[in-house]
Amino acid sequence: MSIAYANPPVAIVIHGGAGTITRASMTAAKEAAIRATLKASVQAGYQALLKGSPGTEAVTAAINVMEDSPLFNAGKGAVFNAAGKNEMDAAIMEGAGLNAGAVASVSHIRNPINLALKVMTNSEHVLLMGKGAEEFARQQGFEMMDPSYFYTDFRWQQLQRIKAKEATHKKTAQQDQQDRWFSTVGAVVLDRQGNLAAGTSTGGTANKRWGRVGDSPIIGAGTYANNKSCAISATGHGEFFIRYVVAYNICNRVELGTPLAEAADTVINDVLVKAGGEGGVIAMDHDGNITTPFNSAGMYRASIDIDGKLSISIYRDEGEAEGALTGNVEH
Ligand code: ASP
């Protein structure tokens, strides 16, 4: 029996969002806290993989760490919509059999990714939204959180800044640097059984209209997994990721024979850049190859590859990612 067969490789890559993330816009304390949380998240997912858990459990374990942290735009710390509320979206998908579950516009669920998993495993549907999703959550025994649980002063002040700008320059409102961090979270894994899985969880975009749903819970846009090609979780300006069907677009190119890194780079740094769509993806193929292209200044990301090598990065100069948007995109 070969070593590879006796001990099939596992791998994980996570993201905590892309955007105008530069050293100039970061404090040392915040950077240390973000790196520590990325490390805790990627290790939580990796431990689940080492135990032989299904990929979807590793995805939820990793994402739960970031959802429970106020530093990321998912679960606690989710952005506020224009009505001052948190409306969260999440999706999860298995590369074997293309099973998927997703929720949109939920406001009382501590870990929306766990509810997305229940939609996949315990309902006949793929996507539940709003009150219907929360009624399903109650039936599944989920605790209903008071909206105050999701509140963070950072996100509230962000909404006030965006609204103040809107009031003064209605037509050309451009969010300042701090407000161009997306901070959605996601995880992609290869499990011991050789299956890929992907998941994404988000509060969406700050100051969005109530009822707006982004790319994260849309299978094929922000989240996708197929053992025949690859698994993807996206972060960025969701409207573009939906219109360019980014996650499926990359996987389809891989299925047709393009290597993963080239397929992901083309969609993020060519197709999306030409369209003006800012963001990035984490991607993994069936062999555990990982790529993390983004066209924004930075992307919070971490991975443990099939050789067990841990890497944690924030800025562009820490890793791959070629080419960049110039930073003048409005959203
Ligand atoms: N893609 C998410 C959305 O548009 C935002 C993000 O990546 O932070 O809802």
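Whatever order the structure lists ligands and atoms in, that order sets their numbers, starting from 1.
- The distance criterion of under 3.5 Å between nitrogen or oxygen atoms is not met by D89 with respect to ligand 1.
- The N/O atoms of T235, backbone and side chain alike, include one that comes under 3.5 Å of an N/O atom in ligand 1.
- With salt bridges taken as basic N to acidic carboxylate O contacts below 4.0 Å, one links E31 and R35.
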Handout entry: S303 and D305: CA distance, side-chain angles, deciding distance, side-chain hydrogen bond (donor to acceptor under 3.5 Å, both in side chains) verdict
Key = CA-CA 6 Å; S303 60; D305 68 13; over 6 Å; no
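- Heavy-atom contacts of T205 reach the following atoms of ligand 1: 4 (O) (cutoff under 4.0 Å).
- The shortest N/O to N/O separation between G204 and ligand 1 does not fall below 3.5 Å.
- Considering backbone and side-chain N/O of H237, none are found under 3.5 Å from N/O of ligand 1.
- Considering each of A18, G214, G236, the one bringing a non-hydrogen atom nearest atom 2 (C) of ligand 1 is G236.
- For N64, the side chain to side chain donor-acceptor pair (under 3.5 Å) criterion is met by E67, N114, not counting sequence neighbours.
- Remark: distances from the non-hydrogen atoms of R212 to ligand 1 include one below 4.0 Å.
- Between F240 and Y244, the two ring planes are parallel [angle under 30°; tilted spans 30° to 60°].
- Taking CG of N195 as the reference point, atom OG1 of T56 lies at 9.5 Å (rounded to 0.5 Å).
- Ligand 1 has no N or O atom lying under 3.5 Å from any N or O atom of A234, backbone or side chain.
- Of all the heavy atoms of M299, none lies under 4.0 Å from any atom of ligand 1, so neither backbone nor side chain is involved.
- Between T235 atom OG1 and M299 atom CE the span is 7.5 Å, to the nearest 0.5 Å.
- Taking every non-hydrogen atom of G238 and a distance limit under 4.0 Å, the qualifying atoms of ligand 1 come out as 4 (O).
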Problem - Pair R23-D317, side chain to side chain contact (heavy atoms under 4.5 Å, CB included): steps then yes or no - result: CA-CA 11 Å; R23 287 188 175 82; D317 57 15; 3.0 Å; yes
